[in-house]
Amino acid sequence: MPTSIASYDLTGRTALITGAAGGIGRATAVLLAGAGAAVHCADRDERGLAETAALIDDKGGRAVAHPLDVTDRGALRAAVRAAGHLDIAAAIAGIMHTSTVLDTLDEDLDRVLDINFKGVLYTCQESARAMIGNGRPGSIITMASGAVDAAQPGLLCYSAAKAAVVQLTKTLATEAGPHGIRVNAVAPGWIRTPMTGRHSPEVQQQTEAAMVRMSPLRRVGEPEDIAQAVLYLASDASSFMTGQILRPNGGVAMPW
Ligand code: NAI
C-alpha cells in the first residue's frame with residue numbers, strides 16, 4: 001500500500017498514450033514522462049507527435065512516437081508490442097462532432113463511434129492483453145466526458161460514444177481486476193484545447209466566459225488539469241481505485 005508521495009513516481013514504468021499529438025494527450029504524455037515513465041505516444045497527427053516527443057526529449061524524458069489511427073487495431077497491437085512491458089495505457093484520442101438527432105447521418109455516427117468508442121476499445125483490449133501477459137499490475141485510463149452526465153443539444157454521437165466508454169471502463173474493470181489491472185475513466189469538463197478552440201475568437205471568448213461563470217473556481221480547465229488526474233490514476237497513489245469515473249471539471253455542474 002502506498003504510504004508516501006513516492007507513489008506518484010513512474011520510474012521504470014512504460015506507458016502508451018493515444019491522442020498524444022496535442023491537447024490533453026500531449027499534456028499527459030509530458031507529465032507522465034516527467035514522472036519517470038517511458039512514454040509511447042500514438043496519434044494520427046505525425047507532426048504533432050514529433051512536437052510532443054521533442055518536448056519530452058528536451059526535458060530529459062523518454063518518448064517514442066507511433067503514428068497510427070486508433071481505428072487500426074493492428075497498428076495499435078504493433079505499438080503495444082513495441083512498448084515491451086506495458087504498465088499504463090491512456091486512451092485519450094477522440095474527435096468532436098455536433099449534429100442534432102434529426103440531422104445525424106449514418107456516416108457521422110459511424111465515424112464518431114469508430115474513433116471515440118471502438119478506438120478506445122481496441123486500445124483497452126490490446127493493452128489489457130499485454131498487461132495480463134506481463135504478469136505485472138497495470139493501469140488503464142479512458143477519456144470519457146462530462147457530456148455523459150447530462151444531455152446537450154447536438155451532442156448525441158459524441159455523448160453516446162462517451163457513455164459507451166464509461167460502460168467499457170466499468171466492465172473491463174470487473175474482468176481485468178483479478179489480473180491486477182485497474183481500469184478507470186476521466187470525465188473532464190470543458191478544457192481549453194485544439195478540440196474546443198475551433199471557433200471564432202468571439203465565440204471562443206463567450207464560451208470561456210460562460211464556463212468561468214459556471215465554475216465555482218472561476219476559471220476554465222487546462223490540459224494539465226486533466227493530465228494530473230491521469231497521473232493519479234496511472235500511479236500507485238490510486239492503487240485501490242478501479243471502475244471509477246473521475247470528474248475534473250472545476251465544479252461545473254453540467255448545465256443541461
Ligand atoms: P484534441 O483535438 O486537442 O486532441 C485529440 C487528439 O486525438 C489529436 O491529437 C488527434 O490527432 C487525435 N486523434 C483524433 N482521432 C484520431 C484517430 N482516429 N487516431 C489517432 N489519433 C486521433 O482534443 P482534446 O480536447 O485534447 O481531447 C482529448 C480527449 O479528451 C478526447 O477523447 C475528448 O473527447 C476528451 N475530452 C475533451 C474535453 C475538452 O473540453 N477538451 C472535455 C471532455 C473530454
Side-chain angles (χ1 to χ4, degrees), residues 16-31 40-53 55 65-76 78-79 89-98 110-124 126 141-150 152 155 157-166 168-169 185-199 204 207-208 210-212 214-215 219-230 233 245-250 252 254-255:
L16 171 72
I17 298 165
T18 74
I24 293 168
R26 171 176 289 172
T28 300
V30 170
L31 187 66
H40 288 256
C41 301
D43 203 293
R44 65 181 176 186
D45 171 1
E46 219 165 314
R47 186 186 293 183
L49 265 186
E51 288 170 6
T52 302
L55 276 174
H66 299 274
L68 58 78
D69 195 301
V70 291
T71 60
D72 181 347
R73 182 198 286 280
L76 275 168
I92 298 179
I95 56 167
M96 174 49 73
H97 169 80
T98 51
D110 289 346
R111 188 168 50 89
V112 179
L113 287 177
D114 278 351
I115 296 173
N116 287 10
F117 176 58
K118 282 192 187 172
V120 177
L121 173 66
Y122 297 162
T123 306
C124 288
E126 296 305 324
I141 299 108
T142 61
M143 203 48 60
S145 164
V148 300
D149 289 328
Q152 291 185 50
L155 277 193
C157 297
Y158 183 79
S159 52
K162 293 298 187 184
V165 166
V166 167
L168 162 65
T169 305
V186 178
W190 193 95
I191 306 299
R192 191 184 278 149
T193 69
M195 179 182 278
T196 52
R198 48 199 175 109
H199 309 291
Q204 191 71 15
T207 310
E208 292 204 5
M211 293 299 156
V212 168
M214 282 190 284
S215 168
R219 70 172 178 90
V220 295
E222 301 289 347
E224 291 72 19
D225 291 312
I226 309 308
Q228 293 286 351
V230 178
L233 292 173
I245 314 299
L246 199 57
R247 292 177 167 79
N249 60 19
V252 174
M254 296 304 284

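Keep in mind that this is a model prediction, so the values were computed, not measured. In each ligand, atom 1 is the first atom listed, and ligand 1 is the first ligand listed.
Contact residues of ligand 1 (protein heavy atom closer than 4.0 angstrom to a ligand atom; sorted by chain and number): Gly19, Ala21, Gly22, Gly23, Ile24, Asp43, Arg44, Asp45, Leu68, Asp69, Val70, Ile92, Ala93, Gly94, Ile95, Ile115, Met143, Ala144, Ser145, Tyr158, Lys162, Pro188, Gly189, Trp190, Ile191, Thr193, Pro194, Met195, Thr196.
Every residue meeting the side-chain hydrogen bond (donor to acceptor under 3.5 Å, both in side chains) condition with Thr52, not counting sequence neighbours, appears here in chain and number order: Arg26. Residues forming a side chain to side chain contact (heavy atoms under 4.5 Å, CB included) with Ala75 (at least two apart in sequence, or on another chain): Leu68, Asp72. For Leu121, the side chain to side chain contact (heavy atoms under 4.5 Å, CB included) criterion is met by Gln125, Leu168, not counting sequence neighbours.
The closest donor-acceptor contact from the side chain of Thr142 to the backbone of Thr169 lies at 3.5 Å or more, if one exists at all. Here the side chain of Thr18 pairs a donor or acceptor atom with the backbone of Ala93 at under 3.5 angstrom.
In this structure, the side chains of Thr123 and Val120 stay at 4.5 Å or more apart for every pair of heavy atoms.
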